[in-house]
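Report on the following structure.
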Amino acid sequence: MFTAFLIKYAEIGIKGRNRYLFEDALVQQMKYALKKCEGDFVIRKTQGRIFVEAQTEFDFDEVVAHLQHVFGISGICPVVYAEDEGFDKLCDTIIQYIADVYPERNKTFKVAARRARKNYPKDSMTINMDMGEAILKAYPEMRVDVHNPEIMLNIEIREKIYIYSEIIPGPGGMPVGTGGKAMLLLSGGIDSPVAGYMIAKRGVKIDAVYFHAPPYTSERAKQKVVDLARIVSKYTGPIYLHVINFSDIQLYIYEKCPHEELTIIMRRYMMRIAEHIAKENECLGLITGESIGQVASQTMNSLIATNEVCELPVYRPLIGFDKQEIVEVSEKIGTYETSIQPFEDCCTIFVAKHPVTKPNLNVIRRHEHNLDERIEELVKEALETDELIIVQ
Ligand code: ATP
Ligand code: MG
């Protein structure tokens with residue numbers, strides 16, 4: 001019965017030119033999401049509203065599920081179209097609509113008509129009243145509640161007549177592409193996919209970098225990261241994933257630096273390399289899945305050490321989250337099951353038994369000088385291993 005969806009979007013403060021940018025980005029992301037659905041669709045913008053109109057048969061649940069991945073959508077309203085064949089006919093259509101959508105009919109309602117076409121013979125107030133009366137006559141068990149109705153029957157009179165009452169929640173946020181682009185340090189863990197999701201939700205396009213350490217980390221570990229990127233890309237659109245071979249750098253640090261500082265120094269090199277790739281790809285920031293105190297390398301002191309090697313801002317959307325809260329988001333967005341597959345990422349291989357939790361910056365810098373002889377060359381070589389995987 002539904003042949004279209006009215007898309008609700010609401011972010012306060014989007015005005016003027018920004019509104020068009022917002023809407024255009026939203027439409028583009030919706031097209032990307034709908035491409036994966038059975039059927040043909042037209043997306044139409046009219047008077048500050050966006051409609052998805054099905055041109056063919058389609059699977060309602062599939063379309064809703066895909067639209068629920070599009071940031072910027074606050075609500076998805078399934079719409080029934082009716083031809084304008086007189087008011088009595090419209091009442092019949094609405095009565096049938098209620099029978100179809102609310103078979104129980106034990107709910108309060110309100111008719112909210114909008115006459116977008118002013119030559120319609122009744123004005124909105126009259127439509128509300130006359131329609132309400134017709135509904136009560138058909139279904140005496142229903143009740144009108146103008147203040148807090150359980151069913152808000154929206155009737156918009158345009159060339160055709162649009163009927164909708166249900167609002168299925170969307171993911172909220174801003175359309176991807178309205179907020180620039182950032183580079184996500186994506187590992188195979190639980191946290192970083194969630195971090196990428198959260199920043200993308202604010203309209204930021206995501207590129208990603210994964211530090212791979214063969215043979216210490218397996219092909220399966222890399223595949224896991226690709227799989228995670230694919231899940232995140234359902235929300236963000238295609239992700240350009242850079243895979244960097246980090247083994248030689250890691251071994252060299254292992255050879256030259258105190259083992260309890262290994263993780264910190266390694267993370268500093270990850271940040272440096274990620275920033276280099278970020279700048280080459282017009283990214284305006286880095287994103288990590290760090291959260292204060294989660295592990296030794298994420299204490300406030302350790303964060304000072306990893307932060308100081310970058311010029312670009314480092315966005316850490318999980319900084320104040322408990323692990324359980326992160327897990328909840330990862331379950332919601334569908335990355336959890338993949339994240340907990342037991343393939344080691346390169347951080348876990350060389351970890352010391354007692355890593356420093358309060359690294360002293362001067363000490364770390366001094367020990368990094370142990371690497372002076374070869375590190376520049378190794379970083380350059382690592383950058384040359386950059387394997388670009390376009391994940392979609
Ligand atoms: P995650 O669950 O995201 O792997 P974690 O709790 O294992 O996080 P760390 O290993 O300390 O934490 O890593 C902190 C952050 O550094 C990660 O959230 C991620 O953004 C980045 N990171 C760690 N390892 C890698 C890697 N191999 N490739 C890319 N980024 C990484
Ligand atoms: Mg990790």
Side-chain angles (χ1 to χ4, degrees), residues 182-199 206-214 216-218 220-229 231-232 239 241-247 249-250 253 261-278 283 285-303 305-307 309-310 312 314-319 321-327 329-331 333 335-336 338-352 355-357 359 382 385-387 389:
M183 179 66 71
L184 169 66
L185 283 86
L186 181 62
S187 68
I190 294 170
D191 307 331
S192 45
V194 172
Y197 167 91
M198 288 181 65
I199 297 297
I206 303 289
D207 279 356
V209 55
Y210 167 59
F211 295 95
H212 186 38
Y216 311 100
T217 54
S218 63
R220 294 295 302 277
K222 173 174 150 190
Q223 186 56 45
K224 179 178 163 185
V225 173
V226 174
D227 293 343
L228 286 170
I231 299 169
V232 175
I239 293 179
L241 171 66
H242 299 262
V243 178
I244 298 286
N245 186 325
F246 200 58
S247 311
I249 294 177
Q250 213 165 14
I253 300 172
E261 288 167 15
L262 200 79
T263 307
I264 293 287
I265 295 177
M266 203 174 72
R267 303 235 347 99
R268 282 161 65 93
Y269 278 97
M270 283 187 185
M271 299 300 271
R272 289 178 173 115
I273 293 173
E275 175 169 67
H276 184 95
I277 306 171
C283 291
L286 303 178
I287 306 165
T288 74
E290 289 158 313
S291 147
I292 293 174
Q294 195 188 79
V295 288
S297 57
Q298 297 176 27
T299 62
M300 297 265 281
N301 299 72
S302 298
L303 288 168
T306 38
N307 205 52
V309 298
C310 301
L312 286 179
V314 181
Y315 296 104
R316 301 178 173 91
L318 307 181
I319 200 70
F321 277 46
D322 294 347
K323 193 71 187 188
Q324 187 50 38
E325 293 170 318
I326 303 170
V327 165
V329 184
S330 91
E331 284 174 333
I333 68 175
T335 51
Y336 183 72
T338 305
S339 288
I340 58 172
Q341 289 172 6
F343 307 115
E344 308 277 279
D345 69 35
C346 71
C347 286
T348 35
I349 303 292
F350 293 88
V351 284
V356 281
T357 54
T385 66
D386 189 344
E387 178 198 356
I389 303 175

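One-based numbering along the sequence shown. First listed ligand is number 1; within each ligand, the first listed atom is number 1.
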Counting only heavy atoms, tell me which of Glu290, Met266, Gln250, Arg267 gets closest to atom 23 (C) of ligand 1. Arg267

May I ask you to test the Lys222-Glu387 pair for a side-chain heavy-atom distance under 4.5 Å? yes

Minimal heavy-atom distance between Tyr210 and Leu186, with the atoms involved, is CD1-O, 3.3 Å

Under 4.0 Å from any heavy atom of Leu186, which atoms of ligand 1 are there? 28 (N), 29 (C), 30 (N)

Counting both backbone and side chain atoms, is some N or O of Ile190 under 3.5 Å from an N or O of ligand 1? yes

Looking at Gly289, which atoms of ligand 1 are within less than 4.0 Å of one of its heavy atoms? 17 (C), 18 (O), 20 (O)

What about Phe211: any of its N or O atoms under 3.5 Å from an N or O on ligand 1? yes

Answer side chain, backbone, both or neither: which part of Val209 comes under 4.0 Å from ligand 1, heavy atoms only. backbone

To check you understand the geometry: which heavy-atom pair defines the closest contact between Ile264 and Pro359, and what is its length? CD1-CG, 4.1 Å

Please walk me through it: do Ser247 and Asn245 pass side-chain hydrogen bond (donor to acceptor under 3.5 Å, both in side chains)? CA-CA 6 Å; Ser247 311; Asn245 186 325; 3.1 Å; yes

Could you tell me whether Ser297 approaches ligand 1 through its side chain, its backbone, both or neither, with non-hydrogen atoms closer than 4.0 Å? side chain

Among Leu303, Leu318, Asn307, exactly one meets side chain to side chain contact (heavy atoms under 4.5 Å, CB included) together with Glu290. Which residue is that? Leu303

More than 12 heavy atoms from other groups under 6.0 Å of CZ on Arg272: yes

Heavy atom under 4.0 Å from ligand 1: found in Gln294's side chain, backbone, both, or neither? side chain

In the structure I gave you, are the side-chain heavy atoms of Phe246 and Met266 within less than 4.5 Å of one another anywhere? yes

State the atoms of ligand 1, each with its element, that fall below the 4.0 Å cut-off from a heavy-atom position in Thr288. 20 (O)

Only heavy atoms of Leu185, strictly under 4.0 Å: list the atoms of ligand 1 that pass. 19 (C), 20 (O), 21 (C), 29 (C), 30 (N)

Identify, by atom number and element, the atoms of ligand 1 in contact range of Gly189, meaning under 4.0 Å from any of its heavy atoms. 1 (P), 2 (O), 4 (O)

Can you find an N/O atom of Lys323 closer than 3.5 Å to an N/O atom of ligand 1? no

May I have the step-by-step check of side-chain contact (heavy atoms from CB on, under 4.5 Å) for Ile199 and Leu184, ending in yes or no? CA-CA 9 Å; Ile199 297 297; Leu184 169 66; over 6 Å; no

